[in-house]
Amino acid sequence: MRGTVWFVGAGPGDPELLTVKGRALIERAGAILFAGSLVNEAATRWAPPGCVIADSKEMTLPQMAAWLIEQADAHETVVRLQTGDPALYGALIELVQPLDAAGVPVRVVPGVSSAMASAAAAVESFTLPEVTQSVIFTRVEGRTPMPPGEDLAALAAHRTTLCIFLSITLLHKVEAGLRAAGWPEDAPIVVVHKASWPGEERIVRGTLSDIKQRCRDAGIVSQAMVLASPTLGARHWPDLVKSKLYDPGFTHRFRKACA
Ligand code: SAH
């Protein structure tokens, strides 16, 4: 019988942010392939004795697929640990296709994305009543081209929350996109480096006009989330519009209005 390959979201870095299900799979894994440059190796500490553990850092995608297929022939549970959530910028489908072709069963376990861990680190909310109710996960163009209609200037025109992945070395493009969409120079920007990594997390707060310099001064050049949103800093707003859900005058399924 063939084993199953589980793509498990390892979360943003803190091993305690792995899901209970992800941890249970690691505990019974016969083989684990983890993305060493991005996933905290500590996540493999729950692996059973004798578990085959490999780092995919220096493998190509075909080598990774071949490794997973070979391990699925020998073990019931094979785990591919991906950073954050496997559905975001993770080469999930590129690996699933060869496994499908080889007839290896595949399952996916979601993980805490670094976007959510960055909001948590900075105590920010991506949505606020009457400010914005939408979130866009995006990136700026690097070696991977952006499909038509998805350049940052077009997305930023919505004035909603932007979680910008893979772009810390391209802050000049982030700035240009936001400016082209008419964001003001004092628009708040938050950069979170290694969100949730014990002892390594850093938060840089700035504005459209100074965030690049602040990141340069802080020496942040990798593994960082760029958050641009009209909600940033709301913790200190005196005139916040409260959510209707908790409004005393608002009746809903679980509570009648008070007055
Ligand atoms: N699937 C992952 C994203 C992988 S792409 C997820 O859901 O988080 C890699 C990019 O994610 C990095 O360039 C960076 O922008 C972001 N990233 C990953 N881990 C991070 C962390 N701990 N803190 C901040 N950003 C992180």
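Everything numeric in this text was worked out from a predicted model, so none of it was measured. Atoms within a ligand are numbered from 1 in the order they appear, just like the ligands themselves.
At the top of the distance list for atom 9 (C) of ligand 1, counting protein heavy atoms only, stands Leu166 CD2, 3.7 Å. Considering only non-hydrogen protein atoms, atom 1 (N) of ligand 1 sits nearest to Leu88 O, 2.7 Å. The nearest protein atom to atom 16 (C) of ligand 1, hydrogens excluded, is given as Ser114 OG, 3.4 Å; this is a heavy-atom distance. Considering only non-hydrogen protein atoms, atom 22 (N) of ligand 1 sits nearest to Pro12 O, 2.9 Å. Nearest non-hydrogen protein atom to atom 11 (O) of ligand 1 is Phe165 CD2, 3.5 Å. Protein heavy atom in closest approach to atom 24 (C) of ligand 1: Val192 O, 3.3 Å. Here the protein heavy atom with the shortest distance to atom 2 (C) of ligand 1 is Thr83 O, 3.3 Å.
No side-chain donor-acceptor contact under 3.5 Å links Arg214 to the backbone of Thr207. Between the Lys212 side chain and the His172 main chain, no donor and acceptor come within less than 3.5 Å of each other. Between the side chain of Arg159 and the backbone N or O of Ala181 there is at least one donor-acceptor pair closer than 3.5 Å. With hydrogens and angles disregarded, no donor-acceptor distance shorter than 3.5 Å links the side chain of Arg45 to the backbone of Pro15.
Between Phe165 and Tyr89, the angle of the ring planes lies from 30° to 60°, which puts this pair in the tilted group.
Here's the thing with Ala195: one of its N/O atoms is less than 3.5 angstrom from an N/O atom of ligand 1. Close N/O approach between Asp85 and ligand 1 is found [any backbone or side-chain N/O within under 3.5 Å].
Remark: distances from the non-hydrogen atoms of Ala224 to ligand 1 include one below 4.0 Å.
In the vicinity of Gln223, heavy-atom distances shorter than 4.0 Å reach the ligand 1 atoms 23 (N), 24 (C), 25 (N). The contact set between ligand 1 and Trp197, taken as ligand atoms under 4.0 Å from a residue heavy atom, comprises 22 (N). Under a 4.0 Å criterion applied to the non-hydrogen atoms of Ser113, ligand 1 contributes the atoms 6 (C), 7 (O), 8 (O).
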Open item on the list: Quick one, Leu152 with Thr138, criterion side-chain contact (heavy atoms from CB on, under 4.5 Å). Give me CA distance, side-chain angles, the key distance, then yes/no.
Closed with: CA-CA 8 Å; Leu152 190 59; Thr138 189; 4.1 Å; yes
Given Val190 and Ile203, is the side-chain contact (heavy atoms from CB on, under 4.5 Å) satisfied, shown in steps? CA-CA 7 Å; Val190 175; Ile203 300 170; 3.9 Å; yes
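Salt-bridge check for Arg235 with Glu124: failed, with every basic side-chain N at 4.0 Å or more from each acidic carboxylate O.
Note: the hydrophobic cluster containing Val78 also contains Met64 (ILVMFWY, side chain heavy atoms under 4.5 Å, direct or indirect links).
In Glu201, neither the side chain nor the backbone holds a heavy atom less than 4.0 Å from any atom of ligand 1. When non-hydrogen atoms are compared, ligand 1 lies under 4.0 Å from the backbone of Met225 as well as from its side chain.
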